[in-house]
Amino acid sequence: MSSLALNDEQRALRETVADFLAGHGNARKEADSDAGLWRSIAELGWAAVQVPEEFGGLGLGAVELALLMEEMGRSLARTPFFATVVLAQGALLHAAGEAARQRCLPALAEGTRSATLILGPGLDARAGSLTLHARRDGEGWRLEGESAQVLDGSSAELAYVAARVEGGDGVALFEVPADAAGLQRTALEVWDLTRPQAHWRFAGVSLDAAARLDVPGSAAAGLARAQALAMLQLAAEQVGGAAQCLALTTAYTAERVQFGRAVASFQAVKHRCAEMMVRIETARSVVRGVAARVAAASLDDAALAAEAAAARVLATEAYRYCAQEAIQLHGGVGFTWEYDPQMHFKRAQWASQWLGTPRLLREALAAQLLDAA
Amino acid sequence: MSSLALNDEQRALRETVADFLAGHGNARKEADSDAGLWRSIAELGWAAVQVPEEFGGLGLGAVELALLMEEMGRSLARTPFFATVVLAQGALLHAAGEAARQRCLPALAEGTRSATLILGPGLDARAGSLTLHARRDGEGWRLEGESAQVLDGSSAELAYVAARVEGGDGVALFEVPADAAGLQRTALEVWDLTRPQAHWRFAGVSLDAAARLDVPGSAAAGLARAQALAMLQLAAEQVGGAAQCLALTTAYTAERVQFGRAVASFQAVKHRCAEMMVRIETARSVVRGVAARVAAASLDDAALAAEAAAARVLATEAYRYCAQEAIQLHGGVGFTWEYDPQMHFKRAQWASQWLGTPRLLREALAAQLLDAA
Amino acid sequence: MDESTFRKEVADWMAARLSGRFACLKHRGGPGDEEAWPALRKEWEQEMAAGGWVGLGWPQAHGGRDLPLALQLAFHEEYVRAGGPGRIGHIGETLLAPTLIALGTPELQRRFLPGIREGREYWAQGYSEPGAGSDLAAITTRCWQDEDGNWRLQGQKVWTSLAHESDWIFVLARSTPGSAGREGLSFLLVPLDQPGIEIHPIRQMTGEAEFNSVFFDGAVTDADCIVGKPGEGWKVAMALLGFERGVSTLGQQMHFSHELQLLIDAARANGAARDPVIRQRIADAWIGLRGLRDNGLRMLEEDTGSTTVRPEALIYKYAWSNWHRALGELAMDVIGVAGDVRAGEDAGSDALRRLQQVFFFSRADTIYAGTNEIQLNIIAERGLGMPRG
Amino acid sequence: MDESTFRKEVADWMAARLSGRFACLKHRGGPGDEEAWPALRKEWEQEMAAGGWVGLGWPQAHGGRDLPLALQLAFHEEYVRAGGPGRIGHIGETLLAPTLIALGTPELQRRFLPGIREGREYWAQGYSEPGAGSDLAAITTRCWQDEDGNWRLQGQKVWTSLAHESDWIFVLARSTPGSAGREGLSFLLVPLDQPGIEIHPIRQMTGEAEFNSVFFDGAVTDADCIVGKPGEGWKVAMALLGFERGVSTLGQQMHFSHELQLLIDAARANGAARDPVIRQRIADAWIGLRGLRDNGLRMLEEDTGSTTVRPEALIYKYAWSNWHRALGELAMDVIGVAGDVRAGEDAGSDALRRLQQVFFFSRADTIYAGTNEIQLNIIAERGLGMPRG
């Protein structure tokens with residue numbers, strides 16, 4: 001039985017992150033403030049949280065990263081943290097060979113470079129969904145194809161790219177600098193301004209042999225594991241966003257008067273807020289539980305996939321519900337630009353479509369529960 | 001545009017039926033009172049409502065029948081009305097040949113005999129789901145197989161039975177007297193005591209040639225149409241039951257005091273009751289609309305199937321929701337035997353499984369909407 | 001007139017006129033899209049007026065055609081079927097005009113009805129205030145009469161659709177100093193283009209602004225620009241809202257039906273139509289639309305003249321707004337990750353843009369014109385006789 | 001002690017003892033099935049007591065084993081995994097005993113704890129009344145002292161589980177004439193087998209009766225059979241309810257897990273497991289169970305000793321009861337029309353009977369021990385600090 005309790009260091013980390021982000025939220029600022037925030041985060045060492053000490057990291061784990069992500073979600077921070085730390089570091093940690101990890105991780109742990117990860121649409125790691133193809137080209141490789149929506153695709157300096165290897169050699173993981181010749185990036189106009197995206201076209205991008213990071217034959221399983229861990233961390237971020245929707249709503253309805261009473265005193269409003277709390281705390285319990293079990297290394301791959309899926313479904317439904325109700329219970333101002341609920345609503349919608357929709361995650365769970373021999 | 005307005009005769013019928021059933025409800029009485037109620041209903045002419053005048057009926061239509069069914073649902077009357085009028089008459093009207101209608105309908109319209117209908121499990125009319133087989137036997141027929149759950153299976157005097165004809169001859173409709181040799185009936189202990197069932201085993205039941213009622217080749221389509229119309233009428237009954245759940249709940253909560261106030265004055269209770277009303281009235285509007293279009297003969301078979309499915313899904317969800325909330329809002333007494341909500345809960349559960357579950361009905365609709373060329 | 005002949009007449013007219021320079025208006029200008037082509041849509045209103053399609057249900061004495069319900073309905077259905085654009089004149093035609101016909105003086109009727117009928121004058125609605133949303137009786141905008149009898153106004157109205165495109169606004173304001181609640185209010189007709197009025201757009205979640213705040217700072221209107229007597233404004237305001245549930249609800253349903261069809265086409269195009277869960281939800285959307293449709297027909301037809309509570313009318317706003325909101329969610333689940341990206345204005349993105357508008361803008365549906373919570377209160381209290389508070 | 005050794009010890013003991021004449025008790029006697037084999041289940045309680053499995057968490061001074069939380073949890077899990085029957089002694093062991101240990105006098109502890117620990121004396125709970133369900137403070141059952149100091153009781157309690165199988169009942173009654181609300185109540189311990197008490201079964205929707213009404217007509221108990229002082233009954237009663245959310249919640253989850261497995265087996269057997277919509281719902285049930293489990297672990301572990309609000313504890317009752325109710329609905333949708341027929345008592349119908357019990361009996365889950373509505377009020381007020389009323 002792994003403990004769900006936070007220790008003193010973890011509680012202190014949560015406080016520090018929450019305090020810092022409360023004072024440095026950038027969701028409503030212009031994009032040119034983003035680099036400064038990311039630099040500060042790197043200086044605080046948070047980009048290093050899950051990287052082992054041997055690669056220049058802090059050697060902490062899923063629990064600490066989830067605490068960070070929850071606070072990021074609460075503040076709607078617009079930073080390369082998710083793409084660089086959760087996605088790119090995650091792929092390196094689980095799908096790259098020892099030498100590649102040694103070479104690539106320190107810069108990402110320091111936060112001196114920002115990165116992203118390219119899998120199939122919506123960050124689908126299954127081999128069949130990958131849209132990029134790698135072909136041997138002398139000693140090196142040549143990448144072709146396009147990825148329609150790359151997270152942080154305009155700002156990332158590096159991309160870790162999963163591609164299908166032509167000739168039946170399975171899946172490989174490559175490092176591609178964003179300024180590589182033959183790579184065309186087009187920024188997209190997205191609804192959720194805190195989660196920028198770009199279209200990437202690989203019109204024959206040549207890479208040298210060292211750009212391939214995986215040990216052949218092991219990338220698919222490693223990427224699946226990295227994807228499951230990313231699901232867990234995205235769930236943590238969603239829990240933070242949902243909790244903020246509830247906090248905004250209880251604060252607003254406590255002040256707002258209709259029919260001579262605070263809106264918060266209406267039983268229907270109270271019950272809706274209570275329902276939000278039930279969903280948030282349930283999702284938070286599972287995120288905390290899965291993170292603890294990941295930290296205790298007590299889950300095999302199948303169990304990790306199942307548990308991460310559970311966390312994601314709960315967090316996705318909680319965030320969508322809370323964002324919806326935050327708009328509804330704010331009344332007219334809820335769907336105006338000046339109030340925050342609409343920003344959470346867009347983030348919740350974004351998060352519901354990436355790293356597996358609830359529908360697909362449930363079906364994957366059902367297959368585990370029902371189709372075993 | 002067919003009118004949804006009731007005319008004066010229809011309104012008067014509704015009043016008469018409601019008054020009569022309010023004074024003669026038998027759901028809580030012993031089963032030996034049932035025959036008397038059925039006799040009274042027959043004397044009032046209600047068993048004749050949809051039968052054309054040429055067959056001894058009143059020649060009214062789907063709208064009047066739906067009004068009757070709604071009141072039956074409200075009162076939870078335990079009568080052979082649904083099985084005899086909706087199911088058996090319906091099968092005769094739409095799947096039997098002219099001579100058979102002439103011979104069989106008058107007794108059913110008079111209510112001198114009670115009857116039932118046997119299709120596949122849950123009254124599934126599709127040929128592939130039928131569990132009885134008919135084999136030519138000299139001039140006549142021989143029926144084999146079993147039907148696990150026959151509505152009114154212990155009390156019905158006649159059964160109209162759809163069977164697959166051996167040798168690829170499609171589906172046929174037979175009339176089988178309940179006391180036929182080779183027919184074994186076993187009463188079942190069911191949860192919904194107002195909807196009795198029995199297991200029927202056909203251990204070689206011999207029938208003469210006249211027992212086959214359909215015009216060969218036409219039974220399948222006729223039964224499908226009868227099934228769709230039965231769905232509409234069952235939806236009407238469900239609307240009546242749901243409306244009664246709401247009426248019971250508003251009455252009980254108006255009287256019951258907690259925390260020094262009538263329970264009905266709590267906003268959460270009011271909103272729940274309002275939500276019940278929304279679902280009931282939506283379902284009622286569609287039942288009324290489909291019945292009006294059936295009466296105006298403005299629907300082809302595909303449109304009828306789709307519209308009846310819509311009515312059924314709305315009515316099924318409304319009844320389940322209202323029965324659930326009636327129990328919940330009655331508090332402790334809601335799940336005791338002495339109060340009515342539990343009876344509606346059982347009826348709502350029964351009704352959710354027969355004549356197509358919401359899940360199957362939605363899929364059938366989706367096929368119409370999405371799979372057309 | 002025979003309904004099918006009439007329908008054909010409408011369809012033919014629409015096919016002929018909604019073309020050429022008006023072709024770009026097809027299916028445009030609905031809720032969430034009201035900023036599309038406002039000037040051209042005003043010309044379209046005049047085109048329609050010239051064609052005799054404004055005031056179909058008004059009495060002939062007021063320049064209307066006094067058509068029976070079935071034909072009005074047929075008009076709205078054919079209009080939407082042909083892709084007729086969102087009606088920039090609808091507040092004047094369907095809300096203010098019936099109110100003037102019912103409660104206005106002959107002078108007011110002569111003065112204002114022709115401008116509405118001819119598509120020359122556009123109206124905005126001035127009810128809600130920052131402190132009076134669900135609780136409309138809490139309004140604080142004041143009005144008073146100068147010595148010359150002219151009315152003056154001071155205060156702020158919000159959520160006024162299209163105020164920046166309108167010529168006039170009807171305003172519910174407090175004329176009796178010190179009054180509270182529903183007492184002491186008056187219903188004034190106020191020209192928008194004057195120094196005492198400022199209109200500020202309210203930016204909504206889509207980044208666009210089809211609502212406004214209207215600030216009155218000593219704004220003025222004529223002494224006789226009042227409907228009903230001073231102090232009777234609440235009654236007039238409620239009568240106007242009563243016209244909101246009219247024949248046009250069935251036109252709205254045609255819009256919904258069009259949106260559902262766009263969604264179905266999108267699902268078939270991208271393969272979502274093969275997903276069993278999406279299939280269930282699409283079927284549910286269709287079922288819900290049947291519910292709105294039959295409920296709407298029942299609302300228009302049954303028991304007219306009866307004074308009892310009309311359950312189908314009570315539930316209608318709650319039912320359609322929540323259906324529409326769910327449709328938007330379904331649309332985005334059908335579209336998938338591609339829905340993250342804002343659809344462009346190019347023709348190929350029409351369907352995607354419309355579905356995204358439904359998703360985002362339907363968030364307002366369950367809030368304006370009585371929030372879900374207010375609707376449920378009303379249903380419980382008026383429909384079920386449950387106690388207040 | 002090492003946890004895995006301990007688990008094996010429990011499992012071995014259960015395998016050895018839950019056999020022979022006790023074998024028929026496997027998986028029986030849970031909620032909705034409490035009427036199963038009551039006499040034999042009392043013998044089983046004594047068997048367990050003899051094995052040292054009662055009072056695992058009690059202090060050793062009171063005859064308990066003072067085991068750490070992890071081992072208590074392990075015991076409950078292994079107990080349920082082995083099919084251990086519903087505990088007819090649980091009200092005494094898990095509710096009254098901790099209350100006596102915390103708030104009772106040494107005399108009361110000496111008098112009552114051994115009977116509970118040895119499986120000899122069974123307890124019922126006398127809180128709710130016909131007019132005091134959600135509003136427990138509205139109770140009207142009176143109690144007063146005779147000249148000899150003995151307590152007398154007059155009134156009616158309802159929803160008392162297993163009263164007809166119990167020896168004692170603890171009763172919250174009004175000792176201060178004219179008092180109201182939470183003041184003036186006392187917490188009495190009353191023997192059930194006496195002329196002043198009548199027990200009437202309450203027939204529930206399944207036709208069975210595991211709840212009772214208990215009528216007190218001058219019933220009597222000893223002067224010292226009171227926990228806390230006269231007038232302090234509310235505090236004692238609430239302390240007792242606080243013990244309801246203990247380690248046994250995780251045992252309850254093992255029951256739930258068993259029920260979900262029965263449902264999965266049924267779905268695989270009848271083909272419902274191939275239905276895409278049923279698959280989604282089964283996955284959701286599994287997800288919900290993870291939620292209960294991790295929430296339960298968090299409740300037991302985090303921040304113990306902290307005085308702040310524990311959100312995970314506040315939501316727990318609402319979460320499990322609604323999960324369980326939904327499980328029952330899913331079960332019936334999996335079973336289909338066959339669910340119309342009452343499953344028999346034969347062994348082949350075990351799973352079907354259990355699933356039907358879940359469907360019908362879980363209707364009570366969202367009502368007793370604080371209805372959904374009360375739970376949401378509490379969450380909003382205590383968890384979110386929203387205003388009362």
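We use all heavy atoms of the structure for the numbers below, so side chains are in, but hydrogens, waters and symmetry mates are not. Protein chains get the first letters and strands the later ones, always in sequence-line order, with residue 1 at the start of each.
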Name the one of B/Arg312, B/Arg195, B/Arg74 that satisfies salt bridge (charged side-chain N to carboxylate O under 4.0 Å, His left out) with B/Glu237?
-> B/Arg195

Do other residues, nucleotides or ligands put more than 12 heavy atoms under 6.0 Å from the CZ atom of D/Arg382?
-> no

Ordered numerically, the heavy-atom neighbours of chain D under 4.5 Å found in residues 328-341 of chain B are B/Gln328, B/Leu329, B/Gly331, B/Gly332, B/Val333, B/Phe335, B/Thr336, B/Trp337, B/Glu338

Top contributor to chain B contacts, counting heavy-atom pairs under 4.5 Å, from D/Thr206, D/Val158, D/Asp275 | D/Asp275

Salt bridge or not for D/Arg28 and D/Glu345, using N-O below 4.0 Å?
-> yes

Can you name the side chain to side chain contact (heavy atoms under 4.5 Å, CB included) partners of D/Thr140, sequence neighbours left out?
-> D/Glu129

Salt bridge (Lys or Arg N to Asp or Glu O under 4.0 Å) partners of residues 331-340 of chain D, not counting sequence neighbours, each pair once | B/Arg320-D/Asp333, D/Arg281-D/Asp333

Backbone of D/Val214 reached by a side-chain donor or acceptor of D/Asn212 within 3.5 Å | no

Expected contact set for residues 321-332 of chain D against chain B at heavy-atom separation under 4.5 Å reads D/Arg325, D/Glu329, D/Met332

Main-chain N/O of B/Gln149 paired with B/Gln197 side-chain donor or acceptor, under 3.5 Å = no

Over-ring placement of B/Arg78 relative to B/Phe81, 6.0 Å and 45° cut-offs | no

Contacting region of D/Ala138 [heavy-atom separation from chain B under 4.5 Å] | neither

